[in-house]
Amino acid sequence: MSSQLIFSVKDALVRYKETPVFEDLTLNIHQGSRIALVGKNGAGKSTIMNIITGVKSLDEGDRWEIPGTTIGYLVQDFQPNEKETVFDFIFNNIKGEDRELYQYKVDIAAEALDLDVKKPMTMLSGGQLRRAGLAKAFVEEPDILLLDEPTNHLDLEAISWLEGYLNNYQGAILCISHDKRFLENITNKVFWLDRGKLKVSPKGFKFFDDWSTMLLEQEERELQKRKQIVAQEVEWASRGVKARVKRNVRRLSQVREMRDKLKADESAYRRATKKISYEPIKDLDNHTKVICEFYNVHKSFQNDEETINILNGFNIRIKRGDRIGIIGKNGSGKSTFLKLILKELEADRGSVKVQKTIEFSYFDQNRSDLRPNDRLKDVMAPNGGDYIDVRGKTRHIYGYLKDFMFDPSVVLDKVGTLSGGQKNRLKLAKILADPKTCLILDEPTNDLDMETLDMLEEILINYEGTLLLVSHDRDFLDQTVTKVLAFEGDGKIEECIGGYSDYLNQKRSPSKNKDKKEQNFNQKQKVETKEETAQTKKLTYKLEYELKNLPKQIEDKESEINTLTEKLSDGDFYQNDPDGFIEMTKELKTAKDQLEEYEERWLELEELYHSHD
C-alpha cells in the first residue's frame, strides 16, 4: 500500500536567467519518504530544494502540496543573530499552544549535538553553527525536512545519533550529502539529476550504483543501435538520388537531423560518464622506513579549571607506506596529534622524533593558509605565470583547475568569494599538484560534492606514500586506509587493522582477539626497539612464505584487472563480440573477488605476524 502524496511538481519548466535548468520536471514526495537527492556539481540540486520551499517559482507547470504542510530546510550557511543564544535560536520560531512542551526537545537535540544552549550564537564555530541548524530543524518537526550536507563538521558519534533520529522521523526527508554510508543508512528512494532530467529509483542509495550503471549501460546500447541506423541512412544519402522528389529531400533532411541529434546525445553521454584519470602519485623517498616515532608522549590542555588529556604515555611508530585513518569525537585530540608530528606543538613530556628528510603536505580543515584577497591563480602559482608543474608534467593553471571543477571564468576571482566546498577543492588542487612523501589530511571531505569526493578517493587509493587521514566519512575511510587510530577521549587511543567497518566490528566484539586487536596504546603497545625488530617473528615457514609472496600476487591480480577493464572500455567490443564481452565481464568479476581474498589474507597474516612482539 503506497503512502499518501504530500507534495508534487508536474510538467515544470524552470529557468535560470534565460537558460532552462529543467524542462518537463515532475517529482512526488510521499509521507515517510527518505529520499537521497544526487547529481553532479551544478546539476540543480539546490534548485530542487528551493522549488520545494517555494523560494524558486516555476516558469511553467504546477506545484502542489497538502494545505498546512510545513517544510524545514537546513541550508549549508546562515548568519546568526547577534543577540540570540543557542537556545533562543533553536526555540524561538516554534509556534502553537504546545510551545512550552518543546523545551525538552531543545535540550535533547543540543546535548546529542554537543551544543551549549547558553552560548551566544556569534561565538559558535562553523561546525557548531551547522549543528545548531540541525537542532532547530529537528525541534520544529516539519512535514518535509530538507537537509543539505547535514553530516559536515559532525563527528562519527553525532552522525550515528543523527542516523537513528532520522530513521525514526515521522515526516518525509530529502537529503543532499557526499557521505555515501550516511545516505545508504537513511534513504529508501533516490532522485538522480542527470543532464536536466530527474530519474527516480524506488530503492535507497545502497542500490544507486547498480541502478545508475544499468541505466547508463542501457543508454549506451541504445546509442549503438541508433548509430547503426544513422550509418545506414548516411550510406543511402551518400549514393545519391537521381530524382530529387519531395519525399527523398525530406528523407535527406531527416538523416541530417538524426545525425546531429546522435552526435549531441553521444557527447552528453560521454560527459556524464567521463572519469578523471590520474597518474599514480609516486613515493618520493624509497629508503626511509620510519616516518616518525612517539615515545611515552604526554599532552594535555587546560580549559577553565578542567584538564583535558589528549595523550597519556602514548607510543607509536609510523612507517613509510602506512595508511592511517584517525577518528574520534570533536576535541578528542586528532588535530593535536597531527600538529605534534608537524612540530606546530610540543609534547608536555616524552619525545616525538620525525625523520629529518621527510616532507609533509598538510590539508588544514580551517584552510588557514588561504588568504581571502588572493586570486585562485595566485594560490596555484604564487610566483606568477600561467603554468604549474603537476607531478612532473607542465599544466596550464586553467586546465588543471578545470579538473577540480573550476570554470575558467573564476580563476581570476578572489578566494574570499568562494564557498566552503570550492575552498576545499582549491586547497586539494594545490596540495595534489606537488604532494610530498607524507600526506596529512585533516577533514578534507567537508563541503565536497560526491563527484570531487570520488576523484579524491581515486587519487588517494593510488597514492604510494604515507597517508594520515582525519575524517568522519566512513565509506571514504574504508576505501583509503588500512589502519585506524580511534581517539576515545581522556587520552585513550585504540588501534584497529583495516578500515572503519573493521573498527566498528571490533568495537561490537570487544572480547574477540582482545590481546591482538584491541590494544590500548597508552598501556599495552611498546615501541619496537632495534633488538625487537631484529627478532624473527613466530610464524611457521609456510605462513612466512605465503605472506612474502602475497604482495606479488596482489600486484599481478591488479594488473590483470586493469587489462580486463581497459579491454571492456572499448566501445566497439560488445558490438563486435557480445559473447566475448560477456565472458570477459565474468573474468573481471572473478579477478576482483580473487584480489579481495588476497588482500584479506594479507591483512590477516600481517596482523598475526605483528602479534608476536
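Along the sequence shown, the residues carry numbers beginning at 1.
Between the side chain of Arg63 and the main chain of Ala12, no donor-acceptor pair closer than 3.5 Å is present. Judged by distance alone, with hydrogens and angles left aside, the side-chain atoms of Glu149 form a donor-acceptor pair with the main-chain N or O of His178 at under 3.5 Å. In this structure a side-chain-to-backbone donor-acceptor pair under 3.5 Å is present from Asn188 to Arg34. A donor-acceptor pair is defined here as one N or O able to donate and one able to accept, closer than 3.5 Å; such a pair exists between the side chain of Asp502 and the backbone of Gly499. Between the Glu60 side chain and the Leu58 main chain, no donor and acceptor come within less than 3.5 Å of each other. The backbone N or O of Gly491 sits nowhere less than 3.5 Å from a side-chain atom of Asn312 that would complete a donor-acceptor pair. Under the 3.5 Å distance criterion, the side-chain polar atoms of Lys189 are left unmatched by any main-chain donor or acceptor of Ser33. In terms of modelled atom types and a separation under 3.5 Å, the side chain of Arg323 and the main chain of Tyr463 share a donor-acceptor contact. Formation of a donor-acceptor pair under 3.5 Å by the Thr213 side chain with backbone atoms of Asp209 is found in this model. Between the side chain of Lys329 and the backbone N or O of Glu157 there is no donor-acceptor pair closer than 3.5 Å.
At a threshold of 4.5 Å between non-hydrogen side-chain atoms, the residues Ile159 and Asp179 count as touching. Counting heavy atoms from C-beta outward, Phe22 and Leu193 have side chains that approach closer than 4.5 Å. Using a 4.5 Å heavy-atom cutoff, the side chains of Leu145 and Pro142 are in contact. Side-chain contact between Ile326 and Phe487 is present, with at least one heavy-atom pair separated by less than 4.5 Å. The closest side-chain heavy-atom distance from Met121 to Val86 is below 4.5 Å. Using a 4.5 Å heavy-atom cutoff, the side chains of Leu311 and His298 are not in contact. Contact of the Leu215 side chain with the Asp194 side chain is not registered, since no non-hydrogen atoms from C-beta on lie closer than 4.5 Å. Between Leu134 and Leu147, some side-chain heavy-atom pair lies under the 4.5 Å cut-off.
Taking a 6.0 Å sphere around NZ of Lys199, one finds it holds more than 12 heavy atoms contributed by other residues, nucleotides or ligands. For Glu163, the CD atom counts as densely surrounded, since its 6.0 Å shell holds more than 12 non-hydrogen atoms of other residues, nucleotides or ligands. Under a cut-off of 6.0 angstrom, the local environment of NZ in Lys56 is crowded, with over 12 non-hydrogen atoms contributed by other residues, nucleotides or ligands. A 6.0 Å sphere centred on CD of Glu344 holds more than 12 heavy atoms belonging to other residues, nucleotides or ligands. Heavy-atom neighbours of Glu184 CD from other residues, nucleotides or ligands within 6.0 Å: above the threshold of 12. Dense packing is recorded around CZ of Phe301, with more than 12 heavy atoms of other residues, nucleotides or ligands lying under 6.0 Å away.
Using a 4.0 Å cut-off between charged side-chain N and carboxylate O, Glu219 and Arg195 make a salt bridge. Using a 4.0 Å cut-off between a side-chain N of Lys or Arg and a carboxylate O of Asp or Glu, Lys40 and Asp454 do not qualify as a salt bridge.
A distance of 9.5 Å separates CG of Asp155 from NE2 of His472, quoted to the nearest 0.5 Å. Here the CD atom belonging to Glu141 is positioned 6.0 Å from the OH atom belonging to Tyr169, to the nearest 0.5 angstrom. Atom CG in Asp490 sits 11.5 Å away from atom OG in Ser332 (nearest 0.5 Å). Taking CZ of Arg181 as the reference point, atom CG of Asp478 lies at 4.5 Å (rounded to 0.5 Å). Atoms NZ and CG, from Lys334 and Asp442 in turn, are 8.0 Å apart once rounded to the nearest 0.5 Å. Here Leu469 contributes atom CG and Phe363 contributes atom CZ; the two are 10.5 Å apart, rounded to the nearest 0.5 Å.
The heavy-atom pair separating Gln302 from Thr307 by the smallest distance is OE1-OG1, 3.0 Å. Nearest heavy-atom pair across Ile431 and Ser361 is CG2-CB, 3.7 Å. Of all heavy-atom pairs between Ile310 and Gly333, the closest is CG2-CA, 3.5 Å. Here the closest non-hydrogen pair linking Val139 and Ala109 is CG2-CB, 4.5 Å. The shortest non-hydrogen separation linking Glu23 to Leu13 is CG-CD1, 3.7 Å. Residues Thr445 and Ser471 share a closest heavy-atom pair of OG1-OG, 3.9 Å.
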Take Ile71 and Glu65 through the side chain to side chain contact (heavy atoms under 4.5 Å, CB included) test and state the conclusion after the steps. CA-CA 10 Å; Ile71 299 172; Glu65 63 186 50; 3.9 Å; yes
For side chain to side chain contact (heavy atoms under 4.5 Å, CB included), just list the numbers for Leu456 and Leu432, CA-CA rounded to whole Å, side-chain angles, deciding distance to a tenth of an Å, and then say yes or no. CA-CA 9 Å; Leu456 176 60; Leu432 295 173; 4.0 Å; yes
What do the steps show when you test Ile459 against Leu428 for side chain to side chain contact (heavy atoms under 4.5 Å, CB included), and what is the final call? CA-CA 11 Å; Ile459 292 171; Leu428 286 169; over 6 Å; no
Residue pair Thr466, Ile318: steps toward the side chain to side chain contact (heavy atoms under 4.5 Å, CB included) verdict: CA-CA 9 Å; Thr466 304; Ile318 299 173; 4.2 Å; yes
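Lys299 forms no cation-pi arrangement with Phe314, by the criterion of a distance under 6.0 Å to the ring centre and an angle within 45° of the ring axis.
Each of Phe205, Phe207, Trp211 was compared with Trp192 under the ring-ring contact (aromatic ring centres under 6.0 Å, His included) criterion, and only Trp211 meets it. A side chain to side chain contact (heavy atoms under 4.5 Å, CB included) with Phe182 holds for exactly one of Asp473, Leu154, Leu166; it is Leu166.
Ring geometry for Phe337 against Phe294 counts as tilted: the plane angle lies between 30° and 60°, on a 0 to 90° scale. Taking the six-membered ring for Trp and thresholds of 30 and 60 degrees, Tyr500 and Tyr503 have ring planes inclined between 30 and 60 degrees apart.
Defined by atom type and a distance below 3.5 Å, a donor-acceptor pair is present between the side-chain atoms of Thr70 and Asp143. There is a side-chain donor-acceptor pair under 3.5 Å between Asp88 and Thr85. Checking Asn28 against Ser8 by side-chain atom types alone, a donor-acceptor pair falls below 3.5 Å.
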